Amino acid sequence: MSSISTPVRTRIAPSPTGFLHLGTARTALYSWAYARHFGGEFVLRIEDTDVARSTQDSVEQILQSMRWLGLDADEGPIYQMERLERYQVVVAQLIREGKAYHCYATPEELDAMREAQRARGEKTGYDGRWRPEPGKVLPAVPEGVKPVVRFRNPLDGEVTWNDLVKGPITINNREIDDLIIMRTDGVPTYNFAVVVDDWDMRISHVFRGDEHVNNTPWQINIFNALGAPLPQFGHVPVILGDDGLKLSKRRGAVSVTAYEDGGYLPEAMLNYLARLGWSHGDEELFTREQLVSWFDGTHLSKSPAQWDAAKLEWVNGQYMKQADDARLAGLVAAQLGKRGLSVSSRDKLQAMCALFKDRCATTVVLADWLAIFVADVAPLAEDLTTHVTEAVKPALAALADKFAGIDWNKTAIQAAIKETIAAHGLKMPQLAIPARVLVCGRAQTPSVDAVLELFDKEIVIKRLRSA
Ligand code: GLU
């Protein structure tokens, strides 16, 4: 069967049983970038046939995460549960053509079948008891048993495809059995619905996680049975956690939402996720536009990618440095809001972001810093002992007095500090560090005059006098 080459249409097909997983987000990103690179289209399909586990809440979360990452779909969301009739029509056609059949075996019977196979040391799988063959007499249809529909998989031959990521893959049909394509309640199974959809939606390239490699031979056989053109498949290796095990909920954050809440910037997340399992030379930092212009489906890694929280932080930190201050002010205001804090002047908040963003990996860390301006600070006991010594206390009190009489701006603040260190025979750090500890609750900050200027003068004086 030949592969279609144009037009490029890709899709992401999440199951709405939770948040958008990082692995799915990365596959979505590759599918999106591939479509954008070739001027094609990107479709969003919601695979909600697992009715018991699918929720609208999860759909909303997935859509929100896609929006946040900027993965705009040209079509969808298309819900599989709204397409039941279509799957039923296709199933009926396959049954008519002898390519699918009803199977009345009960779950208990199938358990017994597998048990017997295991006892004989055989591979377990459906034994074809309801599979029609020329001349074969099928069992009598039992009463009161609703049948499932099974696909009549070819018994011989091989399924081969040239995987966009893994290269050529061949599976012998003897390895796979007649899978259920429709359950007793008329709802299709994943492997069938996915084929009908990819066909109907004219999907040309399927990127997905490599946990689906074993499903692909069945899907290819179903495409062929339907006389549908085959898309090309690219199976992207899993993402491993820091500990080398598959990234999972138990081992840290795996949802896109967690990173949004955790103060990461979407462009950094996009950059990091894209680079995780794909490369363009040595480029570590790239824009969305560069990604689109470079991403042509090549240079996807064949081996699993390792999640590296420290690298993600570094990438985010790079984007924080470049981020527009007004935008950061909006993001950090939301973070502060979660703590019941706010900075009354947006201009001031923006100036604070400008001063602190260089040292902050995330907007959460930035909010930690900016909280010093609007919430009480609690200097560490050891900082107080080391820096706020008896010897320096008179100078701190004198500085507070001087501050009381000046206009509150950086130049005047700097002059007051200089006068105070001269009068007390101190060096700059001997006064600046204890002043930071008292006012900011930290011994290290950006330039002291620039930081103090952003405080209310009264707060600075009060904290200096608390020594
Ligand atoms: N609903 C499937 C999943 O979330 C989609 C797999 C596919 O892309 O074919 O794993």
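Note that this is a predicted model, so its numbers are computed, not measured. Atoms within each ligand, like the ligands themselves, are counted from 1 in listed order.
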- Item | Donor-acceptor under 3.5 Å (Arg208 side chain, Gly234 main chain) | no
- Counting N and O atoms only, with roles assigned by atom type, does the side chain of Arg11 sit under 3.5 Å from a partner on the main chain of Ser31, one being a donor and the other an acceptor? no
- Using distance alone, decide if ligand 1 has a nitrogen or oxygen within less than 3.5 Å of any nitrogen or oxygen in Ala13. yes
- Glu211-ligand 1 polar pair, N/O distance under 3.5 Å: no
Verify the distance criterion only: is there a donor paired with an acceptor across the side chains of [X] and [Y] at less than 3.5 Å?
| X | Y | value |
| --- | --- | --- |
| Gln219 | Asn191 | yes |
| Gln64 | Glu260 | yes |
| Asn271 | Tyr319 | yes |

Protein contact of [atom] - nearest heavy atom, named by residue and atom, plus distance:
| atom | value |
| --- | --- |
| atom 10 (O) of ligand 1 | His212 NE2, 2.7 Å |
| atom 8 (O) of ligand 1 | Arg11 NH1, 2.6 Å |
| atom 9 (O) of ligand 1 | Tyr190 OH, 2.7 Å |

Considering only distance and modelled atom types, tabulate donor-acceptor pairs under 3.5 Å from the side chains of residues 366-381, sequence neighbours left out.
| unit_1 | atom_1 | unit_2 | atom_2 | d |
| --- | --- | --- | --- | --- |
| Asp368 | OD1 | Arg339 | NH1 | 2.8 |
| Asp368 | OD1 | Arg339 | NH2 | 2.9 |

- Query: What atoms of ligand 1 come within less than 4.0 Å of a heavy atom belonging to Glu47?
  - Reply: 1 (N), 2 (C), 5 (C)
- Task: Just jot down the ligand 1 atoms closer than 4.0 angstrom to any heavy atom of Val194, in number order.
- Result: 9 (O)
